[in-house]
Amino acid sequence: MQSEASAALTPAIVFDNLQAYQRTYALQAAIELDIFRAVGQGPGDVASIAHHAAASERGIRILCDFLVISGILQKKDGRYLHTPASAAFLDPASPASLAPIARFFANPIMRAPYEQLAEVVRKGTTVLPGEGSVEPENPAWVVFAESMAPMMAPMAGPLGELVLEGRKDPMRALDIAAGHGLFGIELAKQNPQAHVTGLDWAPVLRVALENARKAGVQDRYNMLPGSAFDVEFGGPYDVVLLTNFLHHFDVETCVGLLKKVHRALKPGGILGTLEFVPNEDRVSPPMPAGFSLTMLTATTGGDAYTFTELSGMQRKAGFREVTSHPIPMSPHTLLIARA
């Protein structure tokens, strides 16, 4: 038994993790070179892909082989083919393509702290200047608004249904940290009598307003530029959306903001909070749990909070009936609370 266990032991996991950055940069390069479109169009040989990408045949062969090794592409008889995942999520011809999100994930502002991760861990906070990724007017959030819509759009429909609960009557909604604006826009799409106010930095809101125009709801979409901590919300609102925001801040800051949100809601009004919510063990599921590391590197006090932590903050701010709703096919969870 002991010899069998010894024979099975390899350092592969060590090498895989030390070289994991290769997969990141390989995928980023393939998106930049438009390789997934070329593979989808066929015939998938090195020469045709290289011609499409305006790249060397040697470079294309080695990169595409690496993508096969990584499980992103397939190779058959010397030609490269899509896997089901790359066809759906990486080929720009697919309506579900996530390729544009590489712009945000490749942003140097988001990646730089990982070069100093040991120092980040020593300090327990980001090495980015000021407030880290949430420093006022950070240009990274314009890139986020412009590029992350493909990842967020599939969540908008289920979120809207859960928050609206079938309501079609006149109502007002506030979308805090609106970003691309898709979640607030979805409320306006599902309820023709809903008027939505998007709150974010002015350059970001211009992206949201353009998305509202494309959705045909710009006449019911207002902009409130500035910081959620500084501007007056107005109201009262029937619904407030707080999506992908609380994880940037420590508990005390979150509770303070939630109290401000509570004051802006009508009695019985709905707060919809979208977050990465790990299990109570904080190590599962992998993506929500792993998001804590992102917050360690990018913020001064943020975290991926468990349901117990998030619901505790909301109850401390005066909310009641806090419920959890995992979003299908997504690492996100929606929390619904009532004022």
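Remember, it's a predicted structure, so these values are computed and weren't measured experimentally.
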Does Asp169 offer a backbone N or O that forms a donor-acceptor pair with the side chain of Asn191 under 3.5 Å?
-> yes

Spell out, yes or no, whether Phe229 and Tyr237 are grouped together once hydrophobic residues are joined by side-chain heavy atoms under 4.5 Å, including indirect joins.
-> yes

Arg172 to Phe233 six-membered ring, cation-pi geometry met (6.0 Å, 45°) = no

Hey, what do you get for CG (Leu199) to CG (Asp175), rounding to the nearest 0.5 Å?
-> 8.5 Å

Check whether any side-chain N or O of Arg220 sits under 3.5 Å from a backbone N or O of Ala194 as a donor-acceptor pair, and report yes or no.
-> yes

Specify whether His247 and Phe291 have parallel, tilted or perpendicular ring planes, treating 30° as the upper limit for parallel and 60° as the lower limit for perpendicular.
-> perpendicular

In Ile35, Asp65, Leu67, the residue satisfying side-chain contact (heavy atoms from CB on, under 4.5 Å) with Tyr80 is Asp65

Of all heavy-atom pairs between Lys168 and Pro192, which one has the smallest distance, and what is that distance?
-> CD-CD, 4.3 Å

Which of parallel (below 30°), tilted (30 to 60°) and perpendicular (above 60°) describes Phe36 and His82?
-> parallel

Sub-3.5 Å donor-acceptor pair from the side chain of Lys260 to the main-chain atoms of Ala228, do we have one?
-> yes

Examine Ile101 and Ile72 and state if one hydrophobic cluster contains both, with Ile, Leu, Val, Met, Phe, Trp and Tyr joined whenever side-chain heavy atoms are less than 4.5 Å apart.
-> no

In this structure, OG1 of Thr297 is separated from CE of Met295 (nearest 0.5 Å) by 7.0 Å

Got a second to check how far Leu73's CG is from Arg79's CZ, nearest 0.5 Å?
-> 15.0 Å

Heavy atoms, side chains only, cut-off 4.5 Å: are Thr126 and Thr299 in contact?
-> no

Inter-residue atom distance Ser94.OG - Arg37.CZ, 0.5 Å rounding | 11.5 Å

Value for CG (Asn244) from NE2 (His332), rounded to nearest 0.5 Å, stands at 3.5 Å

ILVMFWY cluster, Met287 and Tyr114 together (side-chain gap under 4.5 Å) | no

Passing option when Ile270 is tested against Leu162, Val239, Asp238 for side-chain contact (heavy atoms from CB on, under 4.5 Å) | Val239

Do Leu246 and Leu296 belong together in a cluster built from hydrophobic side chains that touch within less than 4.5 Å?
-> no

Are there more than 12 heavy atoms of other residues, nucleotides or ligands under 6.0 Å from atom CG of Leu18?
-> yes

For Glu115, does the CD atom have more than 12 heavy-atom neighbours from other residues, nucleotides or ligands under 6.0 Å away?
-> no

Does Glu32 CD have over 12 foreign heavy atoms under 6.0 Å away?
-> no

